[in-house]
Every structure is written in C-alpha cells, then in structure tokens.
Amino acid sequence: MNDKIISLDRHIIEEQHRYSGRGDFSAILSQIVFAAKVVAAQVAHAGIVEDILGKTGSKNIQGEEVQKLDVYANRLFINALNYIGKVCVMASEEEKDMILIPPEFPRGDYVVMFDPLDGSTNIDVNVSIGTIFGIYRRVSPPGGDGTLEDCLQPGRKLFGAGYVIYSSSTILVYTTGNGVNGFSLDPSVGEFILSHPNITMPRRGKIYSTNEGNYPYWKKGTREYIDYLKSDRNTKKEPYTSRYIGSLVADFHRNLLKGGIFLYPEDTNDPKKPTGKLRLLYEANPLAFIAEQAGGYASTGYEPILDIKPTSLHQRVPLIIGSKDDVLEYEEFAKKNNE
Ligand code: AHM
Ligand code: MG
C-alpha cells in the first residue's frame, strides 16, 4: 500500500510557501473544496432523490421548497466563502449583481469569480457537470467592500483558478501559476488525492469539440477551419475526431489530458449569441489561465482571452481553447476570413 499519498491539503500548504505564507488563498481553496464535496454528494444523489432535479419552487417530501441543483450549488459556494474574512467580493454566473460580504463578517483581500454548476442542461440526464472558479487579489483599498473594479480584472491578473468535475469520479484541477495539478476525490476517506501531477497539454491534438449544429451561423473563417479539420488537407493528413459533451468543464478536461481544441465561436446570424455564449469572468478566464499553465492557449480567434479587459460582469466571449498549435492555427483562419 502507498503510504506517501499526497492530499490536496498537503499540496496547498506546500504551494503556500511559494507565494505568501499567510494562508489566505489556502483558506479560500479549502472552502471551495468543502462546497465541491457537498455538491458532489448531491449530484450522486440527484438521480435517486425525488424532486432534487425539479424546478425551483416545487416541494419535497417534507413539504420544504426544493432548490434546483444549480441554485443550491450557488448558495453553497457563497455561504462557504462569505464568512471566512479572506474575500471582499464575489461574482457568480447565477447572480445578476456582484455579491458583497454580509456586514457581520470581515472583508479580506481576495475576489472570487465562479460558475457554481456549469453544463446545466446536462444535470437532468446524468452527464458530467462542473464548477469553475477564478481568484484575484483585490485592487480596491483593503478593509472595505470589494468593488466592480475588483471583479472586472483581466484574466492575466488571476492569482489562481480551477474546476471540479462531477462525473464517474469527482476531480479537482487547479493552478496558482506554477503548473497544473489534478486531484481525485476518494469517497472512502472523503479527501482529494493527487492523481494527475503536473498536467501538460499536448502541443497538438486530434480532437475537435464544438456544437456543430451552429455551423450555418458561424463566420466563414470558422466554417473553413472546421471543414479543414475534417479533411485530409490538415497537418495530420486525416480527419480529426469529433467529441462534444456540452459541458465545458468536461470537454475542456478531456482535451487538457488528451490534446484537442474546443470552440464556441461567435454566431454572426444569431442575435442571441453575437459574441459567443460563454462568460468571460466565470468560464473563459479561469480555463484560459489553466490552459496556458499547462502549455495550451485560449483565444477569441483575434486576441488572447487573458488579455481582454472586462467591461461587464456577464460579458460573453468567443472561446477557442486547447492545444496551442491548434488554437494558433484557428486564429489564422479567423483573421483571414473574418466575415
Ligand atoms: P451554462 O452555464 O448555462 O451551463 O451554459 C454553458 C454550457 C457549457 O458548459 C457548454 O460548453 C455550452 O454551454 C454548451 O452550449 P450548447 O448547448 O449551445 O452547445
Ligand atoms: Mg456556465
């Protein structure tokens, strides 16, 4: 038996020596891990507990209001982070406005952005879903409430980022700018254990992941790029493999480990998605930071995701992310034929 198991707690403490030593980030991450464990347990139950998948407002067997899983996860992350005195403001894909710390709790130096349960259309059908988070240092003066300026920092300023996948096993992947590591939840001990040390993304993959039903709405450059991947004209001289789960975290995780490119480009003819679907603050930025840390790359097709200066909390961006050479090649198509 292996008696040198590296738990997530140990890894966090070892990382902490590298950047500050105050333990603020470690405390935040521990709370995220706690909330993720509760979500993982709920997801595991979701198939068998009556009504947990039901609409918000329905009643459970005790006559209590039942929360939809994504609404529940959102509250869980907020309540796990708002009292610890390390965070000054949060923002969530599920909340219209930024989330201030209640008056009774102290304000800290960090800002947390999260998508509590991504891939919501997959909840009801037992397909992998996930949580995504990004952590910044505040730019507003210490002590007071966090501000919108704290929330609207470019991804380049991220201090740490990660995601959790709730799937056949629960896996947490995170980085603090010193490489990317993955941990699997061992349900027998209730701890995340280092299972994927120092993850690096292959320079080029052979998988593409996109909702190809949107093909008619894409710009010419994107259509030509996908045609190219499916042909023998590409660098591999054979068609790429298509894999699309429809949960960003799960599609990204597969491509992170195996190599590949994920695309949610802008839809020129669809007024609902003129700048893509995915959110810059909660989805694109944290995953772009992880991708770059693993040797990959994320782009809108025209500029690196991490360089965008956000202008609003729920801003959407085209997201092309994955193996570096694949994403760079997409940029050539996008820039040449951007109609
Ligand atoms: P959500 O935040 O409402 O769950 O939407 C985000 C999800 C991503 O996980 C996924 O990549 C994308 O939406 C799939 O969209 P589509 O169904 O248009 O292919
Ligand atoms: Mg989402």
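Both ligands and their constituent atoms are indexed starting at 1 by order of listing. Owing to the predicted nature of the structure, the values given are computational and were not obtained by experimental measurement.
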(message) For F133 and Y163, I'd like to know if the aromatic rings sit close, meaning centre-to-centre distance below 6.0 Å.
(response) no

(request) Only counting residues at least two apart or in another chain, list the ones meeting ring pair (Phe, Tyr, Trp, His ring centres under 6.0 Å) with Y330. (result) Y225

Show me the donor-acceptor pairs, under 3.5 Å and distance only, between side chains in residues 81-88 and residues at least two apart or in other chains.
{"unit_1": "Y83", "atom_1": "OH", "unit_2": "Q31", "atom_2": "NE2", "d": "3.2"}
{"unit_1": "K86", "atom_1": "NZ", "unit_2": "D24", "atom_2": "OD1", "d": "3.3"}

(request) Using the six-membered ring of F333, assess whether NZ or CZ of K335 lies under 6.0 Å from its centre and within 45 degrees of the ring axis. (result) no

(message) Closer than 2.8 Å to the Mg ion (ligand 2), what protein N/O/S atoms do you find?
(response) E93 OE1, D115 OD2, D118 OD1, E283 OE2

(request) Determine whether the side chain, the backbone, both or neither of S120 has a heavy atom under 4.0 Å from any heavy atom of ligand 1. (result) both

(message) Tell me if the centroids of the rings in F192 and H11 come within less than 6.0 Å of each other.
(response) no

(request) Examine the proximity of ligand 1 to N214 and report which part, side chain or backbone, both or neither, has a heavy atom under 4.0 Å away. (result) neither

(message) Under 4.0 Å, heavy-atom basis, I'd like to know which part of F262 is in contact with ligand 1: side chain, backbone, both or neither.
(response) side chain

(message) Please list, in number order, the atoms of ligand 1 under 4.0 Å from a heavy atom of L248.
(response) 8 (C), 9 (O), 10 (C), 11 (O)

(request) Look only at interatomic distance and state if L278 has a nitrogen or oxygen under 3.5 Å from any nitrogen or oxygen of ligand 1. (result) no

(request) Kindly identify the option in K277, E212, E94 whose heavy atom sits closest to atom 15 (O) of ligand 1. (result) K277

(request) Ignoring angles and geometry beyond distance, decide whether S247 reaches within less than 3.5 Å of ligand 1 through its nitrogen or oxygen atoms. (result) no

(message) Clusters formed by hydrophobic residues whose side-chain heavy atoms approach within less than 4.5 Å: which one holds I193, and what are its other members?
(response) I5

(request) Within a distance under 4.0 Å of any heavy atom of N211, pick out the atoms of ligand 1 and give their elements. (result) 16 (P), 18 (O), 19 (O)

(request) Evaluate whether atom NZ of K309 has more than 12 neighbouring non-hydrogen atoms of other residues, nucleotides or ligands under 6.0 angstrom away. (result) yes

(request) Provide the number and element of each atom of ligand 1 under 4.0 Å from a heavy atom of D115. (result) 2 (O)

(message) I need the contact type for R279 against ligand 1. Using non-hydrogen atoms and a strict under-4.0 Å cut-off, is it side chain, backbone, both or neither?
(response) neither

(message) Suppose we call two aromatic rings close when their centres sit under 6.0 Å apart. Are F159 and Y110 close by that rule?
(response) yes

(message) Under a 3.5 Å cutoff, is there a donor and acceptor pairing between the side chains of Q293 and Y174?
(response) no

